[in-house]
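Worksheet: one structure, shown below.
Chain A is the first sequence line, chain B the second, and so forth, proteins listed ahead of strands; every chain is numbered from 1.
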Amino acid sequence: MSNLVVVESPAKANTIAKFLGKDFTVVSSYGHIRDLSPKAFGIDVANGFNPDYVVPEDKKNLVKDLKNATKKASSVWLATDEDREGEAIAWHLCAVLGLDPQKTKRIVFHEITKNAILEAVKKPRYIDQNLVNAQQARRILDRIVGYELSPILWKKVKPALSAGRVQSVALRLLVEREREIIAFTSTSSFRITGQYKSAHKNSAEFTAELNERITDKDEARNFLNLCSTATFTVGDIKTKPAKRFPAPPFTTSTLQQEASRKLGFSVAQTMSVAQKLYEAGKISYMRTDSVNLSATVLNASKEIITSLYGAKYSHTRQYTTKSKGAQEAHEAIRPTYMDQSSVNGTNAEKRLYELIWKRTVASQMKEAEIEKTTATVTVSGSPRQLIASGEVILFDGFLKVYAESTDDDSDENQKNMLPQLTAGESLAMLQMFAVERFTHYPPRYTEASLVRKLEELGIGRPSTYAPTISTVLNRGYAVKEDRPGTDRNFIQLTLVNQKVTEEIKSETTGNEKSKLFPTDIGMIVTDFLMNNFDDIIDYNFTASVEKTFDEIAEGQMEWTKMLSTFYKPFHKKVEDSLKNSERSRGRRELGIDPATGRPVTVLIGRFGPMVQLGDNTKDEKLQFASLLKHQYLETITLEEALELFKLPRKLGQFEGHEVTTGIGRFGPFINHKGKYYSIRKTEGEPFTITFDQAIAIIIERRELEKNKLIAEFAEKPGLKVLNGRYGPYISYEKENYKIPRAVAPESLTLDECLRIIESSGKNNHNRQSKSSSRPVNKKITRSKSKSAKKASGSKQVKSASVKKKPASVRAKKKTKK
DNA sequence: CAGTGAGCGAGCTTCCGCTTGACTT
């Protein structure tokens, strides 16, 4: 007589098994076990939206194991999460395992502790069909939106694109921000600061800033001139106490943001490192939107804070989750053992764990007490005032452990201490500056700041933030990259020794690191959706459907009724736009080429954005050129477009062959006798580089090439010993082989080389056959991990579901270095 | 490694949310 308990995650199954003892077997469902069939539409709309649920290929073995376990058990307990998705998983389990939803015990844990679990087992309930129906409505609505919109894009924009309730809004955010940046015009004004000193003995100097910006340079200069002879007096001094409170413990999205800012992790990287920590039992579950901490953690925190910093640093706080639909079933992300301030593991694991530990501890600490002081400095002969402000930390509190960082950590906002000042005292002015400052365009999104925005809008869930970003990138809707800034001059006026001098200085601006840039395709898709389905990618769409899902969950609305209310007008729009909307290719007429009188057009071509010279309705030979990497279809000018036709450029004859320059997939190059030489940034650009410069580059590269060859053998012309970036190696039949450290590469004989190749175990023919059979073999023979074994008896074998990638993808992966 | 590009059309592509794996230079 045994009890079978099903939870969602194998790691959770492990811990629960310990609490429940021998009479219970705890297994995991690994999330959902059924879904709408992926190939077809999967919904019979005419038949009450009847869904066609199937067990995915890679879950079939798991389901088989679960069925076996069910047969052996005298009683089954469904202990999936207490939310819409968890309830639906339980319901699908019933359907698949042949259990009666109204008779099978359903339990939920609010906390993974022995007590909470034993309590839960004492009062089981049954499946809540309303909650299940809310999930079905959610699932089916997403399928309808995704599978009806995507094919329109295939027809009207480009094949293999996609649209969805979440990803299309994420993309819209990027596109709209980019357009704000494009439309932004920077203005400048003068920020005036002065350094002063009080007459007190040993008084420190301090900085004060004018309480307004002056736009006109002459006016700024006049003010400094006035200051050169003015007297400066301390006006008001105001001190007021302030408090700073710790941030709540981590949720998925705040963890992603802080790991991005403090550790430079990508959103996906954060999740995979957190998963490792979770599986090792170091932290609680990492996909959560709750800031809740269990009573056990609160107590443990109090103890650890008291022992490390003293009782006055401890302050127990219970945070409540603001966003609706948040599940108190999960806790915030926090250490499993509060007394462990660090862990063993990879560098990334250590750093992420420390961040989590500090954030959790800080959240249970006393607020910091601060004294803020502002003093005005009056200027004789002028109504203008300067303001000096300073901050003193009276009690550091949680700041001892952790300070949250912000997206714009500019040093201009740093607050220092002010020296002791008294109202009415006169000050010595040491120097003053008027520095031209420019307004900055709104910040581009990073992965993490996009996640924050989505969460704010209530769009997406902790388990989907990282995959959503990946989708937007994988569809080619956006790219994540660094872009160097440009140099900009600014004016600085300096007043020292009663003299005002002016100089022009230079700074770099607009440098972007790991930012998301929408592509032309991303913009075209967003425009298309805005024109035809603005209600779906409305920022409030998710929020409003969530409201009706809640009504379904509470039994106040029928789920099929909700769906048909949505479907009718939506589907009509789908049909309309299929019939009536234009093909969207971002086509734009730039004007007429003055040289030839032919029209210049930009549009998306088969291989991306391009410029076309000539009219394709007339019978003339068209000319094409690709846009450069950072040019947008919607902003490129006629002049810039015409420039693109100048490549490839002929520079002249060298050694009897033409030297040309161009820009290819891998950047700018020089071509001579069929050989390509990359032009580095510092060496010039293909549009302007001179013949002599190009020859110099060719000769330099040949010299490098010469040094590259260490040895070759007449008997085997294809085999070479070469000097590469990573040291000497053997090149043979398009493969490279490492030479062992102990061997001197110059003295290698042909036989020795062949032996190295032999012993490396890679040989062209072997490799190819291996690459096609490898995935299947590997997966079957792979040993099961300890936790998974215990959780589900035997883990699902994915071999049957391994999709063969198209040859092109495989080849690309192989040759990629 | 550095090409191509219009238009036509066969046959392919696609959603969100739960989970954890799986390649290798």
For a quick check of understanding: with a heavy-atom distance under 4.0 Å over all strands, which category does [X] fall into, base, sugar-phosphate or nothing?
| X | answer |
| --- | --- |
| A:Tyr677 | nothing |
| A:Arg84 | nothing |
| A:Arg475 | sugar-phosphate |
| A:Gly86 | nothing |
| A:Ser150 | base |
| A:Asn671 | nothing |
| A:Ala163 | sugar-phosphate |
| A:Gly164 | sugar-phosphate |
| A:Ser626 | base |
| A:Ser678 | base |
| A:Val166 | sugar-phosphate |
| A:Gln135 | nothing |
| A:Phe41 | nothing |

If the cut-off is 4.0 Å, is [X] near the phosphate of [N], judged by side-chain N/O to OP1 or OP2?
| X | N | result |
| --- | --- | --- |
| A:Tyr465 | B:dG17 | no |
| A:Arg34 | B:dG17 | no |
| A:Thr464 | B:dG17 | yes |
| A:Ser28 | B:dT19 | no |
| A:Arg287 | B:dC18 | no |
| A:Ser162 | B:dC15 | yes |

Could you state the atom-to-atom distance from [atom1] of [X] to [atom2] of [N] in whole Å?
| X | N | atom1 | atom2 | result |
| --- | --- | --- | --- | --- |
| A:Asn14 | B:dT19 | CG | P | 16 Å |
| A:Leu613 | B:dT4 | CG | C1' | 17 Å |
| A:Lys12 | B:dC18 | NZ | P | 13 Å |
| A:Leu141 | B:dC16 | CG | P | 11 Å |
| A:Ile459 | B:dC15 | CD1 | P | 16 Å |
| A:Arg165 | B:dG17 | CZ | P | 5 Å |
| A:His330 | B:dG17 | NE2 | P | 15 Å |
| A:Lys59 | B:dG21 | NZ | P | 11 Å |

Of the candidate nucleotides [options], which contains the atom at the shortest distance from the side chain of [X]?
| X | options | answer |
| --- | --- | --- |
| A:Lys39 | B:dT13, B:dG17, B:dT20 | B:dT13 |
| A:Gln167 | B:dC16, B:dT20, B:dC18 | B:dC16 |
| A:Tyr147 | B:dT14, B:dG17, B:dT20 | B:dT14 |
| A:Ala160 | B:dC18, B:dT13, B:dT20 | B:dT13 |
| A:Met286 | B:dG17, B:dT4, B:dT20 | B:dT20 |
| A:Pro159 | B:dC15, B:dG3, B:dT13 | B:dT13 |

| request: Measure from NZ or CZ of A:Arg172 to the centre of the six-membered ring of A:Tyr539 and say whether it is under 6.0 Å with the direction within 45° of the ring axis. | output: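 The answer is yes, since A:Arg172 meets both limits relative to A:Tyr539.
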| message | Quick check: do A:Leu161 and A:Ile521 have side-chain heavy atoms less than 4.5 Å from each other? | response |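 Contact flag for A:Leu161/A:Ile521 side chains = yes.
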| query | Looking at side-chain heavy atoms only, is the closest gap between A:Gln275 and A:Arg287 below 4.5 Å? | reply | yes
Spacing of [atom1] belonging to [X] relative to [atom2] belonging to [Y], to within rounding of 0.5 Å:
| X | Y | atom1 | atom2 | answer |
| --- | --- | --- | --- | --- |
| A:Ile16 | A:Ile112 | CD1 | CD1 | 4.5 Å |
| A:Ile636 | A:Glu643 | CD1 | CD | 10.0 Å |
| A:Leu78 | A:Glu8 | CG | CD | 11.0 Å |
| A:Leu141 | A:Phe49 | CG | CZ | 9.5 Å |

| Using centres under 5.5 Å plus planes under 30 degrees as the test, is A:Tyr30 stacked with B:dC18? | no
| field | Base of B:dT13 and ring of A:Trp154 stacked, centres under 5.5 Å, planes under 30° | value |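 Yes.
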| field | A:His92-A:Tyr53 aromatic ring centre distance below 6.0 Å | value |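 Ring-ring flag for A:His92/A:Tyr53: true, centres closer than 6.0 Å.
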| said: Looking only at the aromatic ring of each residue, does the gap between the centers of A:Tyr278 and A:Tyr285 stay below 6.0 angstrom? | reply: yes
| request: Indicate yes or no for a side-chain donor-acceptor contact from A:Glu148 to the backbone of A:His571 under 3.5 Å, with no hydrogens or angles considered. | output: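 Flag not set: sc A:Glu148 to bb A:His571 has no pair under 3.5 Å.
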| query | Is the base of B:dC16 touched by the side chain of A:Arg138 through a donor-acceptor pair closer than 3.5 angstrom? | reply |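 Such a pair exists between side chain and base.
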| Is the base of B:dC15 touched by the side chain of A:Arg139 through a donor-acceptor pair closer than 3.5 angstrom? | yes
| Contact nearer the 5' end of DNA chain B, comparing A:Ile89 with A:Ala625 | A:Ala625
| message | Looking at every non-hydrogen atom in both residues, tell me the closest pair between A:Gly605 and A:Arg585 and how far apart they are. | response | CA-NH2, 3.9 Å
| remark: Base-pair string, DNA chain B, Watson-Crick plus G-U, cut-off 3.5 Å on both distances, | for inter-strand, is .........................
| Non-neighbouring partners of A:Ser162 that pass side-chain contact (heavy atoms from CB on, under 4.5 Å), sequence neighbours left out |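 Scan of A:Ser162 (side-chain contact (heavy atoms from CB on, under 4.5 Å), adjacent residues dropped) gives A:Ser150, A:Gln167, A:Thr471, A:Arg475, A:Tyr477.
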| Criterion salt bridge (charged side-chain N to carboxylate O under 4.0 Å, His left out) against A:Glu546, the qualifying member of A:Arg138, A:Arg84, A:Arg461 | A:Arg84
Report all interatomic pairs (protein N or O, nucleotide N or O of nucleotides 6-8 of chain B) with separations under 3.5 Å.
residue, atom, partner, partner atom, Å
B:dG7, OP2, A:Arg585, NH1, 2.7

